[in-house]
Amino acid sequence: MSYDRLTHPLVRENGVLRRATWDEALDRAAEGFRRNVARHGPDCFAMLSCARSTNEMNYIGQKFTRVVIGTNNVDSCNRTCHAPSVAGLSAVFGSGGGTSSYQEVEDTDVIVMWGSAARNAHPIFFQHVLKGIKNGARMFAVDPRRTGTAQWADLWLGLNVGTDIPLAHAVAREIIHAGLHNRAFIERATTGFEEFKECVEPWTLTAAEQVTGVPAEAIRELAHAYARADRAQLCWTLGITEHHNATDNVRALINLALLTGHVGRYGSGLSPLRGQNNVQGGGDMGAIPNRLPGFQDILDPALRARFESAWGTSIQPRYGRNLTQMLEGMAEGEITACYLIGENPVQSEADSLACVKRLSMLDHLVVQDIFLTRTAQMADVVLPASAAWCEADGTFTNSERRVQRVRKALEPPGEARDDIEIMCELARRMGHDWHYDGAEEVWNELRALSPQHRGMTYQRLAELQGIQWPCPSEDALEPPYLHGRLWADDPAERGLPAPFAVLEHSPPVDLLDEEYPLRLTTGRRLDSYNTGVQSSGFASPLRRGETIELCPEDAERLGVRAGEEVRITSRRGSVTAPVFIDPALRPGLVFMTFHFPDEVDVNSLTIEATCPIAGTAEFKAAAVRVEKLVKAG
């Protein structure tokens with residue numbers, strides 16, 4: 001299905017969306033928010049901000065939520081992808097950003113791609129990986145599938161889905177028993193090593209092989225290569241974070257960096273690869289329920305006071321609801337009004353049928369987007385917005401924390417308007433006379449409140465073609481990697497030590513049994529983008545639509561052939577899709593994407609079991625059965 005651009009506002013009347021003027025749509029949107037806040041208080045409101053829009057839009061979005069409405073209930077699609085990375089990195093280092101620059105991947109000695117099909121999902125970053133390989137780096141791929149990324153690796157470790165912690169523990173134990181851990185770094189810059197050492201002790205190579213399915217010798221080779229390298233980069237994506245214990249998975253990888261000292265130095269670091277073009281910036285701008293702009297903790301009274309003074313309002317001294325908790329709040333009748341900007345949870349959330357039911361319980365739903373998505377089709381008011389990458393001025397922040405300018409090249413079509421202009425119109429209707437003379441004025445307000453962005457003027461960003469945060473001074477640049485302080489001789493300069501985490505293995509929630517014997521894992525393909533709304537309108541010679549990928553052995557056992565339609569059923573739903581035979585899969589493992597939900601709603605199969613720390617769902621591990629369809633007659 002191809003989506004047309006939204007070119008005029010829509011309002012719901014007698015159950016049907018009809019064309020409206022901007023004044024009518026904005027008045028309707030504002031009245032619904034006012035009505036719900038008056039009846040239920042500010043915490044009945046929730047906003048999902050947009051990880052594909054500019055930093056400036058996300059700054060205004062979270063400000064709208066905190067100032068105009070008076071709640072911290074703001075989040076975005078980071079909850080479905082890298083919230084566990086932010087939570088894990090923050091818990092250890094106090095900062096949720098990846099620690100390294102892309103250039104360092106080219107200059108390192110060992111690259112570990114763990115749970116990352118970067119060749120398909122992060123093709124720009126993968127170009128840096130290829131340069132690193134060309135420059136002599138050894139590459140290890142840890143993934144249940146032998147992906148296109150794994151085909152470039154020196155060694156592929158094909159682990160069973162959901163066994164990342166046992167594998168990481170076994171790597172750690174082998175490093176410790178071989179005496180390859182960095183004793184000096186551990187002693188000076190970390191805490192909790194003895195407890196960690198005790199925790200990984202049961203995970204011998206043999207024990208790990210039995211649980212993970214990875215041969216003991218392969219685990220040993222990874223452990224020795226990573227620990228012996230002068231410089232090493234550990235990179236991960238959603239194969240690590242889309243699990244019910246995702247933050248623990250992230251902490252398990254960080255443990256390896258602490259064990260070897262592969263963090264805080266040029267060429268050695270930890271890189272969570274972001275999928276949306278500004279998911280890093282959205283969080284940096286405070287469009288998350290627990291942080292103010294600049295990733296500053298909302299529970300800190302002094303930090304809150306600075307923002308309260310600048311914004312002329314009080315800020316709730318507590319965390320708001322994340323996306324997962326918002327959906328739970330809808331089911332409980334506690335969230336009654338939503339403002340969704342560029343988000344399509346109807347098709348992107350796990351257990352999608354449950355998501356539709358919860359959104360339908362809202363009293364007031366406003367969607368601001370560039371397409372009439374399945375979520376927008378449920379709205380009371382639809383506000384047509386600009387496409388941030390070509391119809392707006394502003395900045396984006398990529399996975400290496402680099403802030404870069406984007407410039408308006410086209411006018412939005414029809415009556416569509418800039419996101420910031422729309423939100424300011426809504427704010428004015430709700431008693432806040434907001435005016436910004438362009439995106440740069442928004443950016444300068446952010447710079448005045450966020451020390452890590454203070455040195456990034458628009459002029460400087462343009463001259464240097466982007467700057468990585470932190471950048472507190474307009475006269476200097478910081479190193480491209482984070483946490484170099486951990487190597488300082490002066491204890492005061494070194495600061496707080498980085499804690500090891502003691503972690504337990506917790507297998508996938510959706511257990512395999514005789515009725516559901518196959519493990520479904522989900523992911524991306526190179527030619528399509530997330531729920532397909534933005535990529536479906538463009539032809540691709542690679543695109544083949546949704547399929548279920550089976551290994552030759554499973555296809556033969558099921559008696560099905562390539563192209564044959566089959567039924568896939570989980571404990572939550574059932575869909576049909578044609579078979580694609582992929583020799584890169586192992587028996588018992590099947591693969592699907594979520595790029596074509598209008599034709600095959602794969603997320604009706606996935607499970608909503610979520611990480612209790614980050615709120616991310618276990619998209620990567622559903623139990624399913626595949627059945628050959630019997631033709632009638």
Side-chain angles (χ1 to χ4, degrees), residues 28-51 53 57-81 83 279 282-283 285-292 298 313 315-316 318-352 354-369 373-376 378-383 385 419 422-423 426-427 430 608 610 614-617:
R28 183 83 71 91
E31 191 281 327
F33 293 147
R34 261 198 312 270
R35 181 180 71 241
N36 278 275
V37 170
R39 286 178 182 171
H40 309 293
D43 288 337
C44 76
F45 174 93
M47 171 184 278
L48 292 184
S49 193
C50 182
S53 196
M57 176 265 139
N58 278 280
Y59 175 83
I60 293 297
Q62 60 82 33
K63 182 177 175 181
F64 182 95
T65 302
R66 294 186 165 112
V67 175
V68 176
I69 303 295
T71 180
N72 290 316
N73 292 342
V74 57
D75 206 7
S76 74
C77 73
N78 80 89
R79 201 59 51 191
T80 62
C81 54
V279 67
M285 293 301 106
I288 46 178
N290 60 342
R291 300 282 173 166
L292 290 161
I298 210 163
T313 190
I315 300 171
Q316 289 184 343
R318 60 179 182 272
Y319 295 155
R321 290 177 185 257
N322 63 37
L323 190 161
T324 304
Q325 294 164 336
M326 290 174 188
L327 291 169
E328 293 170 354
M330 293 175 202
E332 296 161 358
E334 296 173 350
I335 297 291
T336 60
C338 263
Y339 187 4
L340 307 186
I341 304 176
E343 292 282 311
N344 186 20
V346 163
Q347 295 184 317
S348 63
E349 286 301 295
D351 198 354
S352 56
C355 180
V356 170
K357 181 178 178 181
R358 291 169 178 178
L359 285 171
S360 67
M361 297 170 72
L362 291 170
D363 174 74
H364 187 59
L365 174 60
V366 177
V367 172
Q368 183 169 311
D369 210 314
T373 64
R374 292 295 186 198
T375 303
M378 297 181 65
D380 298 287
V381 181
V382 179
L383 306 174
D419 286 289
I422 296 170
M423 285 187 285
L426 274 175
M430 299 183 71
E608 200 187 23
T610 55
T616 301

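Not measured: the values here are computed from a predicted model. Any value given below was found using the heavy atoms of this structure, including those in side chains, with hydrogens, waters and symmetry copies removed. Throughout, residue positions are numbered sequentially from 1 according to the sequence presented.
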Nearest 0.5 Å, please: how far is [atom2] in [Y] from [atom1] in [X]?
X: Thr71; Y: Phe45; atom1: OG1; atom2: CZ; value: 8.5 Å
X: Asn58; Y: Lys63; atom1: CG; atom2: NZ; value: 14.5 Å
X: Ile341; Y: Ile422; atom1: CD1; atom2: CD1; value: 8.5 Å
X: Ser76; Y: Asn78; atom1: OG; atom2: CG; value: 4.0 Å
X: His364; Y: Arg28; atom1: NE2; atom2: CZ; value: 9.0 Å
X: Thr375; Y: Asp369; atom1: OG1; atom2: CG; value: 8.5 Å

Side-chain donor-acceptor pair under 3.5 Å between [X] and [Y], yes or no?
X: Asn73; Y: Gln325; answer: no
X: Asp363; Y: Asn36; answer: yes
X: Arg374; Y: Asn344; answer: no

Can you find a heavy atom in the side chain of [X] that is under 4.5 Å from one in the side chain of [Y]?
X: Leu362; Y: Met330; answer: yes
X: Phe64; Y: Tyr59; answer: no
X: Arg66; Y: Ile298; answer: yes
X: Val366; Y: Asp380; answer: no
X: Val346; Y: Leu359; answer: yes
X: Val37; Y: Met430; answer: no
X: Leu383; Y: Val367; answer: no
X: Glu608; Y: Glu349; answer: no

With no hydrogens and no angle check, is any side-chain donor or acceptor of [X] less than 3.5 Å from a backbone partner on [Y]?
X: Thr65; Y: Gly61; value: yes
X: Thr616; Y: Arg79; value: yes
X: Asp75; Y: Leu323; value: yes
X: Thr610; Y: Ala617; value: no
X: Thr80; Y: Cys77; value: yes

> Does a side-chain N-to-carboxylate-O contact under 4.0 Å join Arg358 and Asp351?
Replying inline: no

>> Whether Arg321 and Glu328 form a salt bridge (side-chain N of Lys/Arg under 4.0 Å from carboxylate O of Asp/Glu) is what I want to check.
In response: no

> What's the verdict on side chain to side chain contact (heavy atoms under 4.5 Å, CB included) for Ser360 and Met378, showing C-alpha distance, side-chain angles and the deciding distance?
Replying inline: CA-CA 7 Å; Ser360 67; Met378 297 181 65; 3.9 Å; yes

Heavy atoms only: give me the nearest [X]-[Y] pair and the separation to one decimal.
X: Pro345; Y: Leu340; value: CG-CD1, 4.0 Å
X: Glu343; Y: Cys50; value: OE2-CA, 4.2 Å
X: Cys355; Y: Leu327; value: SG-CD2, 4.1 Å
X: Ile288; Y: Gly283; value: CD1-O, 3.8 Å
X: Pro42; Y: Gln316; value: CG-NE2, 4.3 Å
X: Ala379; Y: Val382; value: CB-CG2, 3.9 Å

> Is there a side chain to side chain contact (heavy atoms under 4.5 Å, CB included) between Ser49 and Met57 once you walk through the steps?
Replying inline: CA-CA 9 Å; Ser49 193; Met57 176 265 139; 3.4 Å; yes

> side chain to side chain donor-acceptor pair (under 3.5 Å) between Asn72 and Gln62: does it pass, once the steps are laid out?
Replying inline: CA-CA 8 Å; Asn72 290 316; Gln62 60 82 33; over 6 Å; no

> Is the Tyr339 ring parallel, tilted or perpendicular to the Phe33 ring (thresholds 30°, 60°)?
Replying inline: tilted

